[in-house]
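Read the structure below first, then the notes.
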Amino acid sequence: MAHLPYPSGPRPARHKRRAARSRLTLGGGVAAAAVAIGVITASGGADTAQADSTTRRPASDVTITDAGLADRGASDTRAYLVHYEITNTGDRAADYVARLRFLDKDGGLLGSTDIDASRLPSGDTTKDTAAADLDRGTADDITTVEIGAVDRAEAR
């Protein structure tokens, strides 16, 4: 009779323990890989030059000059409009992206709108108007507009 690597019949208990240990190790490896991917993604990925050139700026770089309900022409629909300014307080031309958040009387988030300025020279200010983009509620429900994250990347 030929010698088999394992005896016929059920495997001894030690092999079951090893299999369980291997599954735990594999599961731990998968979890570690997921965490590593999350860290890389959160840090801007492998392109560290791009990640390093974008900075969070204080909300003072973005100013709301006026906000409120406005009629939208002949269709008699009303929109919530925000007039804003973005000022480049840095030393070089930059691209800006900021988020406007629209809240109801209880502080609940109704929606948000991103605003931007491209290649804004140092010390310059741009003025524009944005309409509220709502996920829930209506323009009549908006009681507060707040400036969320403001990102600045030096223009190349």
Between [atom1] on residue [X] and [atom2] on residue [Y], distance to nearest 0.5 Å:
| X | Y | atom1 | atom2 | result |
| --- | --- | --- | --- | --- |
| I115 | E85 | CD1 | CD | 11.0 Å |
| D141 | Y80 | CG | OH | 11.5 Å |
| I147 | I64 | CD1 | CD1 | 4.5 Å |
| R119 | E154 | CZ | CD | 11.5 Å |
| L100 | Y84 | CG | OH | 7.5 Å |
| D95 | D116 | CG | CG | 8.5 Å |

Under the 4.5 Å side-chain heavy-atom rule for ILVMFWY, direct or indirect, which residues accompany L103? L109
Closest heavy-atom contact between [X] and [Y]?
| X | Y | result |
| --- | --- | --- |
| G137 | L110 | CA-CD2, 4.4 Å |
| A79 | A139 | C-CB, 4.3 Å |
| V145 | A67 | CG2-CB, 4.5 Å |

Looking at D133, is its backbone amide N or carbonyl O close enough to the side chain of T113 to form a donor-acceptor pair, meaning the two atoms are under 3.5 Å apart? yes
Just wondering, are more than 12 heavy atoms of other shown residues or ligands nearer than 6.0 Å to CG in D91? no
Would you say that D104 contacts R136 through its side chain, given a criterion of any heavy-atom pair below 4.5 Å between the two side chains? yes
Spell out, yes or no, whether L69 and L81 are grouped together once hydrophobic residues are joined by side-chain heavy atoms under 4.5 Å, including indirect joins. no
Taking side chain to side chain donor-acceptor pair (under 3.5 Å) as the definition, give me every residue that meets it alongside D114, ordered by chain and number, with sequence neighbours left out. R99
Which atom pairs, donor and acceptor, lie under 3.5 Å between side-chain atoms of residues 122-129 and protein residues at least two apart or in another chain?
unit_1 : atom_1 : unit_2 : atom_2 : d
S122   : OG     : G90    : O      : 2.5
T125   : OG1    : T87    : OG1    : 2.8
T129   : OG1    : H83    : ND1    : 2.7

R152 and its side chain to side chain donor-acceptor pair (under 3.5 Å) partner, picked from N88, T89, D61: N88
